[in-house]
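Here is the structure we will look at.
Because the structure is a prediction, the values reported are computed rather than measured. Keep in mind that the numbers below use all heavy atoms, side chains included, and drop hydrogens, waters and symmetry copies.
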Amino acid sequence: MSFRPISWAVVAAGLIGLAAFPLSAAQADVPKVVTSIKPIDSLVAGVMGDLGTPRLLVQGGASPHSYALKPSDAQALDNADIVFRVSENLETFLNHPLETLSGKAKVVDLAEAEGVQTLAFRKGAIWEEDEHHHHDDGDDHAEKAGGEAEHDHHDHSGMDPHVWLDPANARAMVNEIAKVLKTTDPEHADIYSANAAQLNGRLMRLQEKIADELAPVQGRPFIVFHDGYHYFEHRFGVEAAGAVAVDPERQPGAARVREIRDRITKSGAICIFTEPQFRPQLVTTLIDGTSARAGVLDPLGADVKPGPGAYETMMGNLAANLHDCLAGS
């Protein structure tokens with residue numbers, strides 16, 4: 001058997017080719033990024049593209065209102081270059097760790113991004129539970145979703161932090177994400193810009209699709225589990241008649257349940273929506289003896305696979321579930 005001599009010119013050309021192969025981008029020193037909740041993670045993942053994958057903290061059906069950091073989460077935060085979250089008023093579990101961890105991470109509150117339009121929490125008896133509604137009978141003592149008594153109230157004053165449920169706000173957040181990534185990693189600025197432009201194009205088409213889908217059910221009354229959908233309602237011209245609970249971690253007392261049942265009757269609410277993160281039995285109790293139907297709205301995408309397309313899937317599911325219940329399908 002004879003062997004052909006190896007041409008060093010061929011070897012050199014091959015090495016040059018390997019150096020130019022896209023693998024070099026994947027191996028480059030891109031920022032270590034941590035994200036708080038799945039919708040934000042999806043937007044960040046869409047901007048990063050093939051350059052890297054952000055580390056998502058709140059996964060599955062967990063709630064950002066009550067999430068407890070795992071040791072691996074703390075390690076990820078400590079090693080992070082950038083942490084993207086909505087605001088200190090939503091992911092409150094992050095406030096203390098970000099103050100005490102020794103990491104160098106830049107913390108980005110996307111609710112404060114340029115172009116994000118914010119709304120205040122709604123007020124009134126159907127939106128804000130009055131402390132004076134708690135009477136002396138034991139049934140009226142509000143309880144946490146897990147059943148134990150709870151005295152720490154979720155802050156429902158000031159700005160509503162559920163800003164991601166408006167696709168126009170999501171586009172503004174994408175622009176901020178790209179800006180931060182380009183500043184941190186200027187070597188890949190063109191890639192971040194291109195990915196952000198493509199993602200924002202899809203988000204605009206998503207907004208148009210949802211608007212068309214929900215147009216036939218505008219004006220039909222419904223009640224949500226908690227006041228977390230104001231941005232979605234405002235953008236698409238649908239409006240809830242009230243909320244079951246003010247704090248999603250607290251079960252309403254008997255007086256509040258009677259108030260909501262009365263609201264269901266007076267408003268002619270077609271649907272009462274629960275959420276995957278919380279117990280559905282309460283909604284079953286509320287609609288008993290009424291013509292209202294039970295539905296599910298998921299503002300976090302509990303069952304959606306994390307990644308670049310998760311935001312679009314979550315918003316599409318939200319619109320479809322709202323439409324189907326209100327339309328009676």
After noting the C-alpha distance and the side-chain angles of Lys209 and Glu312, does the key distance pass the salt bridge (charged side-chain N to carboxylate O under 4.0 Å, His left out) rule? CA-CA 11 Å; Lys209 179 178 182 296; Glu312 294 154 85; over 6 Å; no
Taking it one step at a time, do Leu203 and Leu43 satisfy side chain to side chain contact (heavy atoms under 4.5 Å, CB included)? CA-CA 10 Å; Leu203 293 178; Leu43 299 178; 4.2 Å; yes
Walk me through whether Met315 and Ile210 qualify under side chain to side chain contact (heavy atoms under 4.5 Å, CB included). CA-CA 8 Å; Met315 291 291 286; Ile210 292 176; 4.1 Å; yes
Let me see the working for Ile270 and Val217 under side chain to side chain contact (heavy atoms under 4.5 Å, CB included), right down to the final yes or no. CA-CA 11 Å; Ile270 296 171; Val217 296; over 6 Å; no
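Cluster membership for Val296 and Ile272, using ILVMFWY side-chain heavy atoms within less than 4.5 angstrom, is not shared. In the hydrophobic clustering of ILVMFWY residues, with side-chain heavy atoms under 4.5 Å counting as a link, Leu56 and Val83 come out apart.
Proximity of Leu300 to Pro64: side-chain heavy atoms (C-beta onward) are separated by under 4.5 Å at one or more points. Using a 4.5 Å heavy-atom threshold, the side chains of Leu322 and Leu318 count as separate. Considering only heavy atoms from C-beta on, Asp160 stays 4.5 Å or farther from Tyr229 through its side chain. At a threshold of 4.5 Å between non-hydrogen side-chain atoms, the residues Phe222 and Cys325 do not count as touching. Using a 4.5 Å heavy-atom threshold, the side chains of Leu119 and His234 count as touching. Side chains of Phe236 and Pro167 form a contact here, defined as non-hydrogen atoms less than 4.5 Å apart. Contact annotation: the side chain of Val244 never approaches that of Val224 to less than 4.5 Å [non-hydrogen atoms, C-beta and beyond]. For the pair Leu51 and Ile191, the minimum side-chain heavy-atom distance is below 4.5 Å.
Applying the salt bridge (Lys or Arg N to Asp or Glu O under 4.0 Å) criterion to Asp262, with sequence neighbours excluded, gives Lys266. The side chain to side chain contact (heavy atoms under 4.5 Å, CB included) check on Lys106 picks up Val108, Val180, with sequence neighbours excluded. Residues passing the ring pair (Phe, Tyr, Trp, His ring centres under 6.0 Å) test with Tyr192, sequence neighbours excluded: none. For Asp212, the side chain to side chain donor-acceptor pair (under 3.5 Å) criterion is met by no residue, not counting sequence neighbours. In this structure, the salt bridge (Lys or Arg N to Asp or Glu O under 4.0 Å) partners of Lys70, at least two apart in sequence or on a different chain, are Asp73. Taking Asp41 as the reference, nothing meets the salt bridge (Lys or Arg N to Asp or Glu O under 4.0 Å) condition, with sequence neighbours excluded. With sequence neighbours left out, the side chain to side chain contact (heavy atoms under 4.5 Å, CB included) criterion links Asp109 to Arg85, Val107, Glu112. Here Asp81 pairs with Lys104 under the salt bridge (Lys or Arg N to Asp or Glu O under 4.0 Å) rule; sequence neighbours left out. Every residue two or more places apart in sequence or in another chain was checked for a side chain to side chain donor-acceptor pair (under 3.5 Å) with Arg205, and none qualifies. With sequence neighbours excluded, the residues that form a side chain to side chain contact (heavy atoms under 4.5 Å, CB included) with Ser193 are Lys182. Evaluation of the side chain to side chain contact (heavy atoms under 4.5 Å, CB included) rule for Asn317 yields Val304, Thr313 as partners, not counting sequence neighbours.
The aromatic rings of His65 and His162 lie tilted to each other, with the angle between the two planes from 30° to 60°.
Ring centroids of Tyr67 and Phe93 are separated by less than 6.0 Å, placing the two rings close together.
For Pro39 against Met314, the heavy-atom pair with the smallest separation is CG-SD, 3.7 Å. For the residue pair Thr118 and Ala111, the shortest heavy atom distance occurs at CG2-O, 4.0 Å. Looking at every heavy atom in both residues, Pro97 comes nearest to Leu69 through CG-CD1, 3.3 Å. Taking every heavy atom of both residues into account, Ala62 and Val58 meet most closely at O-CG1, 3.5 Å. The two atoms that bring Ser42 and Ala310 nearest to each other are OG-N, 3.2 Å, heavy atoms only. The nearest pair of heavy atoms linking Ala269 to Ala292 is O-CB, 3.5 Å.
Glu91 contributes a side-chain N or O that, together with a main-chain N or O of Val86, makes up a donor-acceptor pair within less than 3.5 Å. No donor-acceptor pair closer than 3.5 Å links the side chain of Lys32 to the backbone N or O of Asn79. Within the 3.5 Å criterion, the main-chain N or O of Ile40 finds no donor-acceptor partner in the side chain of Thr35. Between the side chain of Arg220 and the main chain of Leu326, a donor-acceptor pair closer than 3.5 Å is present. Side-chain N or O atoms of Thr265 include one that pairs as donor or acceptor with a backbone N or O of Arg261 at under 3.5 Å. A donor-acceptor contact shorter than 3.5 Å links the side chain of Thr290 to the backbone of Ile287.
Note: Leu214 CG to Glu233 CD = 11.0 Å, rounded to the nearest 0.5 Å. Here Asn321 contributes atom CG and His323 contributes atom NE2; the two are 11.5 Å apart, rounded to the nearest 0.5 Å. Rounding to the nearest 0.5 Å places CG of Leu110 at 10.0 Å from OG of Ser87. Note that OH of Tyr231 and CD of Gln117 are 9.5 Å apart. Values are rounded to the nearest 0.5 Å. Rounded to the nearest 0.5 Å, atoms OG (Ser267) and CD1 (Ile223) are 4.5 Å apart. Rounding to the nearest 0.5 Å places CE of Met204 at 12.0 Å from CG of Leu199.
A side chain to side chain contact (heavy atoms under 4.5 Å, CB included) with Leu181 is found for exactly one of Asp185, Ile177, Thr184, namely Ile177. The only option from Val47, Val163, Val44 that meets the side chain to side chain contact (heavy atoms under 4.5 Å, CB included) definition with Met173 turns out to be Val163.
There is a side-chain donor-acceptor pair under 3.5 Å between Glu275 and His226.
Here side-chain hydrogen bond (donor to acceptor under 3.5 Å, both in side chains) pairs that include residues 163-181, with residues two or more places apart or in two chains, are Asp166-Arg235, Arg171-Gln207, Asn175-Asn200.
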